[in-house]
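Let me begin by presenting the structure, written as structure tokens, before commenting on it.
Side-chain atoms are counted along with the backbone in the values below, which use heavy atoms only and exclude waters and symmetry mates. All chains are named by letter (A, B, ...) in the order of the sequence lines, taking the proteins before the strands, and each is independently numbered beginning at 1.
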Amino acid sequence: MKLEINGQPYEVESDGDTPLLWVIRDELGMTGTKYGCGLAQCGACSVMVDGEIVRSCVTPLDSVANRSITTIEAIQNDAIGRKVVAAWVQHQVPQCGYCQSGQVMAATALLKQNDKPTEDDIAAAMVNLCRCGTYNAIKAAVQDLSGQKV
Amino acid sequence: MKKLLLVLLLIIVVVGGGLLWFVNHKPGSPFETAGTLPLPSTEVLARGEAVARQADCVACHSLPDGKPYAGGLEMGTPLGAIFATNITPDKENGIGNYSLADFDRAVRHGVTPDGERLYPAMPYPSYVKMSDEDIRDLYAYFMHQVQPAAVANRASGIEWPMNMRWPLALWNAVFVPSGTYAQKPQQDAQWNRGAYLVQAAGHCGACHTPRSVTMNEKALDEGGSAFLSGALLDGWYAPSLRQDVNTGLGRWSEEDIFQFLKNGRNQHAVVFGSMAEAYNNSTQFMSDDDLKAIGHYLKSLPGDASRDGTPWVYAAAAPAQGQAGTRGTPGSATYAAKCGFCHGTDGRGRSPWIPPLAGSPASLIEHADSQINVTLNGSARVVTAGVPDAYRMPSFRQQLSDREIADVLTYVRSTWGNHGDHVTQQEVNALRQHTDPASSTPIILQMR
């Protein structure tokens, strides 16, 4: 099956029902995207498909053939992604960091669709779990990016 | 006067005696004169195993972690619990001493070797239609292939006088058809094979046909419009298998039905609830020809537009909250956060791996039980050829309140053209209590 990840074409051998996460991590060796719960509950495995956030642990491979997949490895090639990473650094968001690649993907997808999210919009879109409790820092960084006073 | 009394007494004795004989007599079996049977060939054993799969004996006659066919599964009745029995060839606890005729009487007529009547939780009203050949092969499989298990049967929780079983003989006389499946010469061989599997060993109607107040299935073949028209039981709604466009199989092709029974999934749906067990233990093991025959037969059962309502048409949903700055309902926000990643913001799922909610019978039927139940408790693992699938509905019992589940299901049932009834907090709460595995009285299989 042919995939396009971070602008590169890949030919992968996994079956069509394989979760995209396993292909990215195990078959292609890109381990920036993390496995958390495997049930679409935590968001650690978030990647973008055609600019929309998906949870790769519940995304069957055959549903993303011939679509544009973006993982954390290429987030800085994206204009908005680059700003998100800068804000993450400025606000010193990560603690242990395990969930953060998913958080950055979620924030980037949100700002791509809505460059001025309200507090409610942020709460509704940033639903990834963080065991360290970096939620306040995440909210501050996204508000900063949307031009709101923190 | 004396003479009249004597005649009356005589009548009472004759009628009473006749009744006594009737409720205790053992029905005839074509195998009574079978005598000593030869050791079965491997072909016979393989056919017998196939029949055991078709009839899904293991579903009730085993516990999840117990030995196969050793019994023990609890079933609730309005009068108390009953327990499925040990049907391994163990001589003390199981059916090791059953002759072929004894076995036949138990399976097809619901009568033990002692002449006691079985409760119709055993689907003998369906099995009565099984052919002599299938019964003989099934017996060979149980006696020679199944491992004996020394597991004692549990006594039923039904107390005297309701535990007397002889009245069931009268129930049988009224509600149980007599004789094996009769071929319909006006239909082709595939149709007849499908009808045989659905009505006899498959006993699809045990879940999918509604029952009367007297607990019998309202119809046992295509002659009745209630046959396989959908029924509520065990906290799940078993949908119509007729050609109802919304709530049945009206939008499914024969190939779709074949794929569903063979692989547990197709473009419309994935097995869940009790059907996941039926798939894991039974339908995936049936031959392709048999599954195609079932699809062919089911496609011949007409739907009922007056019951089914306006045909569903997909309608795009308004964007969810958080996208493009729109403010949604509480239900749509929960959907976006908890459901949309798998079932899609468009409600179309990732078929055939993750089922669509748009247009699914569970989203269109008035009873929301299946959707409430699967949201609270998640779905069973779908296991194909020993390998569990990669996608599974998680349990939201701990994560979402009754209010949140009611809101999100109301959103699902009123979006993308769905027009199922709204879900109330009370409905969710009732099933939450009823299906709580930590409660002292969790839901158990109901013999209704």
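Looking at A/Asp115, there are no atoms closer than 4.5 Å to chain B (heavy atoms on both sides), in backbone or side chain. Looking at A/Pro19, both its backbone and its side chain come within 4.5 Å of chain B, counting heavy atoms on both sides. Of the two parts of A/Thr18, only the backbone, made up of N, CA, C and O, holds a non-hydrogen atom closer than 4.5 Å to a non-hydrogen atom of chain B. Within the 4.5 angstrom heavy-atom criterion, atoms from both the backbone and the side chain of B/Phe341 approach chain A. Of the atoms belonging to A/Cys57, it is backbone heavy atoms, and not side-chain ones, that fall under 4.5 Å from chain B.
Taking every heavy atom of both residues into account, A/Val58 and B/Ile354 meet most closely at O-CD1, 3.3 Å. Minimum interatomic distance between A/Gln41 and B/Pro394 (heavy atoms only, all atoms of both residues): NE2-CG, 3.6 Å. Nearest heavy-atom pair across A/Pro60 and B/Trp353 is CB-CD1, 3.2 Å.
Between chain B and the options A/Val127, A/Leu39, A/Asp17, the largest number of non-hydrogen pairs under 4.5 Å is found for A/Asp17. Ranked by heavy-atom pairs under 4.5 Å with chain A, the list B/Met393, B/Arg392, B/Arg350, B/Lys338 is led by B/Arg350.
A 6.0 Å sphere centred on CD of A/Glu11 holds more than 12 heavy atoms belonging to other residues, nucleotides or ligands. Heavy atoms of other residues, nucleotides or ligands lying less than 6.0 angstrom from CZ of A/Arg82 number more than 12. The neighbour count for A/Glu119 CD, taken as heavy atoms of other residues, nucleotides or ligands under 6.0 Å away, does not exceed 12.
Against chain A, the residues from residues 379-390 of chain B that qualify, each with a non-hydrogen atom under 4.5 angstrom away, are B/Ala390 in number order.
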